[in-house]
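Here's the structure, in structure tokens; my notes come after.
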Amino acid sequence: MSSPKRFRVVPIEQGMSLRNMLARRVRGLHRDRAAELIRAGGVYVNRLRVRLPQVLVAAGERVTLYTEALDTEPLAPERLVFVHREPDFVVLDKPAGVPVSPVRETAIGCLSEALIHQLEAEGISRPYVGVVHRLDRGASGLVVFTIRSVANKSLHKQFRDHRMRRGYRLRVRPQPGCVVPAELSCDAPLIKLSEGGVEIGKPGDGRAKPARTHFRRVAEVPRIDSMDSSVISGGEGEMDLLLDAELETGRTHQIRAHAAHLGFPIVGDHRYGGEGAANPGVDPGVDPGVAPGRLDRLCLHARRLDFEHPTTGVALHFEAELPEWGKLP
């Protein structure tokens, strides 16, 4: 990932359109490409993402741009997998490698943007899409969005109160000497890092937030060499484990950090020590959730989602099909 470009608007640029100012200041960025970059969500004025090329700039404003937004492909609305849909909300099955919502570098290529385009294609003018909860970019599985603001308050409250229950399937590779029991829980507190990700907090650290994850051992399975399911013959130290996990809290990267802390990092998780962590060319500051090299995805799948209907209060239960890496042999 390239570093962002940053500069301040000078007095001679006062009152220029953002598009024209970028074309003037950035070598090789003509007006049409500048407009494309702005619409892709790769430009910030001060700390606000601006997506209208005609916005006028003022002297002294700080402009930040991420040119990689020009290379991001939109997520086609036909790739949306609707597990459940009502007038107030939808439940989608997110593909691995796709962010739930806009990321810092770009606003396109995410699930929420594709949902907006799908609603527009159905004739809904200026559709509303609310993100209720997150799921790591590299993970796959169930995510709920509100599509009318009336459902927001109820669903967000359920999430904050930990009444929205989420179940996950993960594939892990225990470190040498790590014995994984049938059931175990982890309540190590987590500290959110400014550069992204989390770390395990130490006792008495005021930055640490409580976190609790429950793990259940499902099966021992032969190690996979890549996500095309080619198998390494299973011998001692050459087996993966399938686990189910359930969250009591919803901290950033909670399952990934807790699994690594307990000695069984998730397969494909290069940030927290899973297979692929030492691959050359991996930028540790970047977390797409997909490790280059032998493994091409994070083996974490949100398979179950339970919550109350936002208007009727009826208990709802949804399940997503397991990916191949998460199925029993």
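Starting from 1, each residue takes its place in the sequence as its number.
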Residues E199 and R251 bridged, charged N to O under 4.0 Å: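 No, this pair does not count.
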Indicate yes or no: does R303 engage D244 in a salt bridge with an N to O separation below 4.0 Å.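 Result for this pair is yes, salt bridge flagged.
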Is the side chain of R304 donor-acceptor paired with the backbone N or O of A320 at a distance under 3.5 Å, no angle test?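 Not a single qualifying donor-acceptor pair exists.
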side-chain hydrogen bond (donor to acceptor under 3.5 Å, both in side chains) against [X], all qualifying residues, sequence neighbours excluded:
X: T106; answer: none
X: R165; answer: E246
X: D93; answer: none

Centres of the Y272 and H253 rings: under 6.0 Å?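 Yes, the ring centres sit under 6.0 Å apart.
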Applying side chain to side chain donor-acceptor pair (under 3.5 Å), run through Q254 and T249 and close with a yes or a no. CA-CA 8 Å; Q254 179 175 320; T249 54; 2.8 Å; yes
Those residues that, when tested against F89, pass ring pair (Phe, Tyr, Trp, His ring centres under 6.0 Å) (two or more places apart):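 Partners of F89 under the ring pair (Phe, Tyr, Trp, His ring centres under 6.0 Å) test: H84, F307, H309.
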Among residues two or more places apart or on two chains, list those pairs meeting salt bridge (Lys or Arg N to Asp or Glu O under 4.0 Å) that have a residue in residues 47-61.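 Sorted pair list: R51-E113.
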Can you pull out every salt bridge (Lys or Arg N to Asp or Glu O under 4.0 Å) where at least one residue sits in residues 307-316? Sequence neighbours excluded, please.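 Every salt bridge (Lys or Arg N to Asp or Glu O under 4.0 Å) pair that includes a residue of residues 307-316, provided the two are not neighbours, is R163-E308.
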Regarding S149 and N152, do their side chains bring together a donor and an acceptor under 3.5 Å, going by distance alone?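 No.
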